[in-house]
Amino acid sequence: MAISMNPLFFLFLILLVSSFGLHSFADSDSDRVEELLHLQSQSEAGVIRLDDSTLRRFLTPQPRSYSFIIFFDAVQLRDKPDLHLTELRSEFELVASSFIANNRDLPSASKVFFCDIEFKESQSSFSLFGVSTLPHVRHVGPSVRNLKDSEPMQQSDFGRLADSMSEFVESKTQVSVGPIIRPPFVSKKQIVFLVACFVISTPFLIKKVLAGDTLLHDRKVWMAGAIFVYFFSVAGAMYNIIRKMPMFLADRNDPSKLIFFYQGSGMQLGAEGFAVGFLYTVVGLLLGFVTHVLVRVRNQTLQRGFMLFTILVSFWAVRKVVYLDNWKTGYGVHAFWPSNWA
């Protein structure tokens, strides 16, 4: 016995089932978003810790309405100075907290979530993404099914830290992170304490200034300060501070040995900078002595002898600096002689 069905009734059933499916997806997706927002509010700096189970829960369902920016971490490798994992993790947290602060109460706040995965806790998750080297940051878009197809951040882009991470997030998610909000260098309590100390010491400072009995009136202090600034500049100390470069490294082939000079233009150890700074400072002090002190000496023999000594020492110091630069970069510096001198 055949059962006939009204076409209009059949179309109504299809629409009813479709609307029910869409409604169930909206409910399940919204539930996951609410749970992610709760985890985000409970986590430090808004970075959600993922493991193997939560990764399957939030990334397996399809489709999704949110993106993940994942930082891959390994606690046992944080002491490796060449990886900078601690610094990069801190910069990643700055991007996450800045995104949350700049997008609060906006629809975009539930479109991007910042997460991290720790190697010891989630080794299988590392395998799912195909991550074998650190540092590593990855974007998992809403339509990604195979996690290995997600988009990694290039190693060369880590140089600008939080700024480059912010640009990576914006380029992949089309959502604005906003300005990076960094904590103040001096807290409010410290500022109040410094102001109080300054106010209390003001009468004594005024008395010292009027009497001309301060460190700022001492020429030796100005000379020492000038030499320190010169050494600080030519030694690359600011680079070492910003990059938090170590003074030396342990040799991977022989841990009992230390490496003070690293071959490669992309990295400079603190000992290298201090060595070059010392050579440049010696040359600068010799030139300063020649131009300000030696010119007042009336003994020509002493003048000529010290001038010869200055030339030899300066030539030796500059030659050492050029040799170190050639060794690190692989580029040679050669003297140029006009053809008619040959």
Side-chain angles (χ1 to χ4, degrees), residues 81 87 159-161 182-248 260-262 265 267-329 333:
E87 180 183 8
R160 294 174 51 236
L161 304 176
R182 296 184 179 273
F185 183 74
V186 182
S187 64
K188 292 183 179 180
K189 292 183 178 179
Q190 292 174 332
I191 293 176
V192 172
F193 176 76
L194 292 175
V195 170
C197 291
F198 177 77
V199 171
I200 295 173
S201 61
T202 297
F204 303 98
L205 292 176
I206 294 176
K207 182 179 179 180
K208 287 281 188 179
V209 170
L210 294 177
D213 185 20
T214 65
L215 292 177
L216 297 179
H217 292 84
D218 192 342
R219 290 186 297 177
K220 296 179 181 178
V221 173
W222 283 97
M223 183 182 297
I227 295 174
F228 172 77
V229 171
Y230 179 80
F231 176 82
F232 190 87
S233 302
V234 298
M238 186 59 68
Y239 173 89
N240 296 333
I241 294 174
I242 295 175
R243 301 289 185 180
K244 297 181 180 179
M245 301 302 298
M247 290 296 295
F248 51 83
F260 294 93
F261 294 87
Y262 184 87
S265 58
M267 183 177 179
Q268 173 185 303
L269 298 176
E272 295 180 42
F274 286 154
V276 174
F278 172 76
L279 294 175
Y280 275 129
T281 302
V282 168
V283 174
L285 290 175
L286 289 175
L287 293 178
F289 183 84
V290 168
T291 56
H292 289 77
V293 179
L294 192 62
V295 292
R296 301 179 181 180
V297 177
R298 296 184 178 181
N299 190 329
Q300 294 185 354
T301 303
L302 182 61
Q303 282 185 337
R304 292 171 182 174
F306 195 85
M307 281 294 298
L308 180 61
F309 172 78
T310 301
I311 293 173
L312 293 176
V313 172
S314 299
F315 178 81
W316 172 83
V318 174
R319 185 179 179 183
K320 288 294 182 182
V321 173
V322 173
Y323 170 79
L324 178 61
D325 181 75
N326 294 346
W327 177 76
K328 283 185 64 66
T329 63
V333 178

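Since this is a predicted model, take the numbers as computed values, not measurements. The residues of the chain are indexed from 1 along the displayed sequence.
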(message) To the closest 0.5 Å, what do you measure between CZ (Phe306) and CG (Leu302)?
(response) 8.5 Å

(request) Measure across Leu294 and Gln303 and return the closest heavy-atom pair with its distance rounded to 0.1 Å. (result) O-NE2, 2.9 Å

(request) May I ask you to check whether over 12 heavy atoms, not counting those of Phe289, lie within 6.0 Å of atom CZ? (result) yes

(request) To the nearest 0.5 angstrom, please state how far the NE2 atom of His292 sits from the CG atom of Leu287. (result) 11.0 Å

(message) What I'd like to find out is whether the side chain of Val283 reaches to under 4.5 Å of the side chain of Leu279, using heavy atoms alone.
(response) no

(message) How close do Thr281 and Gly277 get, counting heavy atoms only, and between which atoms?
(response) OG1-O, 2.6 Å

(request) Drop me the distance from Thr202's OG1 to Ile206's CD1, to the nearest 0.5 angstrom. (result) 6.0 Å

(message) A quick test of your reading: do over 12 heavy atoms of other residues, nucleotides or ligands sit less than 6.0 Å from OH of Tyr280?
(response) no

(message) I want to check something: taking the side chain as every heavy atom from C-beta on, are Trp316 and Lys320 in contact at a cut-off of under 4.5 Å?
(response) yes

(message) Suppose we call two aromatic rings close when their centres sit under 6.0 Å apart. Are Phe278 and Phe231 close by that rule?
(response) no

(request) Give, for atom CG of Leu324 and atom CZ of Arg319, the distance between the pair rounded to the nearest 0.5 Å. (result) 14.0 Å

(request) Return the minimal non-hydrogen interatomic distance between Val295 and Thr291, and the atom names on each side. (result) CG2-O, 3.6 Å

(request) State, yes or no, whether a side-chain contact exists between Val234 and Val276 at a heavy-atom distance under 4.5 Å. (result) no

(message) Counting C-beta onward and ignoring hydrogens, is there a side-chain heavy-atom pair between Tyr230 and Leu285 closer than 4.5 Å?
(response) no

